[in-house]
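Just so we're on the same page: letters track the sequence lines, and every chain starts at 1.
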There are 2 protein chains.
Amino acid sequence: MARRAGVSIATVSRVHRNADLVAPATRERVHRAVAALDYRPSRLGRSLARGHHDATGIVFPDLSGPYYSAVILGYEEASAAEGQSVLILATHRRAASAKQVLDLADRVDGIVLFGRTVDDEVVEALVRRRVPVVLVARPIAGNSDSVRTQSRSTAEALTVHLFEHGYERVAYLGDPHASPDAAERWQGFLDAHRAARHRRWRPAIACGFREEDGRAAASVLFADRDRPDAIVCANDEIAMGVLVAARAAGLTVPDDLAVTGWDDIPAARHLAPPLTTVRQPMLDLGRRAAEILRDRITTHRIEPLHELLPTELVVRSSCGCSYHTKEAEE
Amino acid sequence: MARRAGVSIATVSRVHRNADLVAPATRERVHRAVAALDYRPSRLGRSLARGHHDATGIVFPDLSGPYYSAVILGYEEASAAEGQSVLILATHRRAASAKQVLDLADRVDGIVLFGRTVDDEVVEALVRRRVPVVLVARPIAGNSDSVRTQSRSTAEALTVHLFEHGYERVAYLGDPHASPDAAERWQGFLDAHRAARHRRWRPAIACGFREEDGRAAASVLFADRDRPDAIVCANDEIAMGVLVAARAAGLTVPDDLAVTGWDDIPAARHLAPPLTTVRQPMLDLGRRAAEILRDRITTHRIEPLHELLPTELVVRSSCGCSYHTKEAEE
DNA sequence: TTGTAAGCGTTATCAT
DNA sequence: ATGATAACGCTTACAA
């Protein structure tokens with residue numbers, strides 16, 4: 001051990017966690033020894049003795065697309081600022097995901113669960129095990145903390161906006177059962193229809209979240225003679241697919257068909273036509289998750305905290321608004 | 001401890017790493033005790049005793065954009081398949097990044113360094129400390145392993161393609177000093193000009209990697225009376241910015257100006273006009289990094305391994321090729 | 001087959 | 001101010 005090398009003993013520990021309760025002389029001696037032997041204290045030993053990891057985990061259902069990467073960015077940044085390492089895991093709806101999450105849980109001081117990654121039972125198991133948990137974009141469970149974005153009311157506003165443009169047969173494209181957020185948006189869509197009683201509405205058209213899913217679903221839809229004249233998509237990727245399908249079907253957007261997305265991914269403003277969508281503060285989502293988790297870990301707070309982040313309607317042209325591209329969006 | 005609870009002692013350890021050298025009867029007894037007490041072995045204890053973490057780290061210079069997220073995806077997937085946890089870190093060019101990386105290094109069994117995250121000295125320090133290192137999209141250092149994508153020859157091919165369309169004043173937009181990849185692409189660009197001697201070329205126009213950087217640089221460029229008639233951009237985001245600037249300047253792409261990108265981000269095919277670019281196997285980049293690192297860790301291989309992944313020219317319309325959008329790219 | 005005990009590298013509590 | 005020493009929770013000879 002470096003201890004022998006220096007001269008002293010476990011005093012090295014003291015100097016290492018920069019306790020000032022060490023004589024300047026000895027401290028200096030230790031520092032020299034450390035430098036000479038290129039000694040680094042072992043995290044493992046330290047963690048074992050102190051009882052915590054200085055690390056947290058974040059688990060996603062998936063990792064593809066610009067959506068998650070922004071969340072990771074915010075999460076990593078906030079965590080690093082607090083000196084916490086971050087472990088990342090994607091469950092991919094694997095059968096073993098519950099085990100993976102449980103496993104991750106005992107490498108960290110706390111964990112954030114994103115969307116539909118694991119069942120409520122797993123969340124409860126985690127909580128029972130005293131693992132601090134923050135739920136992101138997911139219904140509350142096991143009285144852990146949560147962070148979400150406003151979905152329902154903005155979805156309603158978006159749908160109403162379409163009504164105001166005169167569209168009459170508005171469809172919702174996306175599977176409300178696939179993700180909690182998609183479900184909320186669908187509810188908002190329904191709210192709008194309920195408020196405007198004369199509107200008829202059709203059931204949600206279930207489809208996956210990828211562009212190709214949207215394209216496929218839309219092209220089927222367009223074959224119908226009673227095709228919708230506006231489509232509210234569960235996310236931007238689906239909307240991109242719809243745009244592709246519309247072009248293929250000879251439909252002009254937004255004249256023949258309005259299309260809206262959700263997320264405001266970077267590509268959205270570059271589409272033809274620029275996509276009307278909803279911006280979510282994804283960076284903040286990750287950042288707040290990290291902060292709330294940290295708080296729960298350090299303060300041992302018992303009351304669950306629930307945070308709702310605002311979203312913002314981003315009106316471009318695909319809903320029938322201004323036709324000319326806006327130059328100065330920035 | 002659960003040991004007392006069951007009946008036996010450190011036999012629980014044996015049964016836990018499913019050693020079959022335990023009598024079925026006792027094993028059963030232990031299993032029951034484990035279930036009853038909801039006992040989970042501590043990773044810390046285990047790691048400390050065995051001397052490894054079953055985790056690896058990956059560090060990025062940044063985390064924004066679709067580029068990194070694909071790499072993470074591949075890396076996480078391959079790591080999870082091998083039962084390794086993954087720690088993620090973004091240095092953001094922070095001053096403390098060397099320290100952060102060194103710090104990360106002793107939480108893991110090996111580390112992958114992406115692009116311009118840390119100086120060669122840090123890599124060497126890591127290697128000296130016997131930390132297995134894989135370098136991704138970065139020049140070789142400290143004789144660690146590396147994975148890269150083919151840049152130079154494809155960049156040359158891309159530039160030649162532009163020549164064949166008849167463009168004469170081709171510019172390169174992107175900072176060769178900012179990233180190793182950008183430097184390679186610039187070299188390929190030069191190679192093409194050297195091969196076609198009659199071509200005159202201009203120095204690279206340094207600019208950041210984001211859309212706004214590209215837009216700003218391009219609009220300056222367009223003000224020049226000797227403006228280029230084709231621009232090879234260091235990545236797709238820059239190219240998107242150029243497209244925006246071109247529209248603002250009243251230039252038609254590809255008639256007045258050809259534009260090419262790099263990466264083939266999801267948005268590329270949806271731009272107007274669809275962007276000619278270069279596809280990189282980013283998923284594989286992450287996956288191979290994980291596999292090579294794992295190999296180095298387990299086999300203690302001493303010879304460095306260097307892998308070069310192929311890239312592919314994706315010809316769309318922004319280079320002057322077919323004008324109609326291809327429907328069935330898939 | 002299974003128990004005993006010596007590490008693994010820290011921190012923390014006592015003494016001194 | 002600093003040295004012993006007992007945890008921390010596991011693995012792994014070595015005995016029994």
**Study point:** hbond_proxy R40(B) side chain to dG9(D) base (donor-acceptor, 3.5 Å cutoff)
**Key:**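 Answer no: no donor N or O sits under 3.5 Å from an acceptor.
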Point to revise | Per R14(B) side chain, nearest of listed nucleotides dC10(D), dG3(C), dC8(C) | key: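 Per side-chain heavy atoms of R14(B), the pick is dG3(C).
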Please check the phosphate of [N] (OP1 and OP2 only) for any side-chain N or O of [X] closer than 4.0 Å.
X	N	result
R46(A)	dG9(C)	no
S13(A)	dT10(C)	no
S42(A)	dT10(C)	no

Ignoring hydrogens and angles, tell me if any N or O in the side chain of [X] forms a donor-acceptor pair with the backbone of [Y] under 3.5 Å.
X	Y	result
T299(A)	D295(A)	yes
R301(B)	E303(B)	yes
S47(A)	H52(A)	yes

**Study point:** 5'-most by nearest nucleotide on DNA chain C - A49(B) or T26(B)
**Key:**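 First, find each residue's nearest nucleotide; the 5'-ward one identifies T26(B).
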Point to revise | Closest-nucleotide 5' rank along DNA chain C - winner of R50(A) and G45(B) | key: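 Counting from the 5' end, the first nearest nucleotide belongs to G45(B).
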Whole angstrom value for the distance that separates [atom2] of [N] from [atom1] of [X]:
X	N	atom1	atom2	answer
H53(B)	dT10(C)	NE2	C1'	13 Å
L44(B)	dT11(D)	CG	P	12 Å
Y39(B)	dG9(D)	OH	P	9 Å
R43(B)	dT11(D)	CZ	C1'	14 Å
L48(B)	dG9(D)	CG	C1'	9 Å
R17(A)	dT10(C)	CZ	C1'	9 Å
R107(B)	dG9(C)	CZ	P	18 Å

Check your understanding: Side chains of S179(A) and D181(A): do they bring a donor and an acceptor to under 3.5 Å?
Key ->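 No, D181(A) and S179(A) have no side-chain donor paired with an acceptor closer than 3.5 Å.
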Check your understanding: Is there a side-chain contact between F209(B) and D175(B) (heavy atoms, below 4.5 Å)?
Key ->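 No, their side chains stay 4.5 Å or more apart.
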Check your understanding: Do Q100(B) and V59(B) come close enough that some side-chain heavy atom pair is under 4.5 Å?
Key ->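 No, too far: nothing below the 4.5 Å cut-off.
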Check your understanding: Which word best sums up how the rings of F114(A) and F60(A) line up, parallel for under 30°, tilted for 30 to 60°, or perpendicular for over 60°?
Key ->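 Tilted.
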**Study point:** the helix from dT1(C)-dA16(D) to dT16(C)-dA1(D): angle between end helix axes, five pairs per end, rounded to 10 degrees
**Key:**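 The angle separating the two end axes equals 40°.
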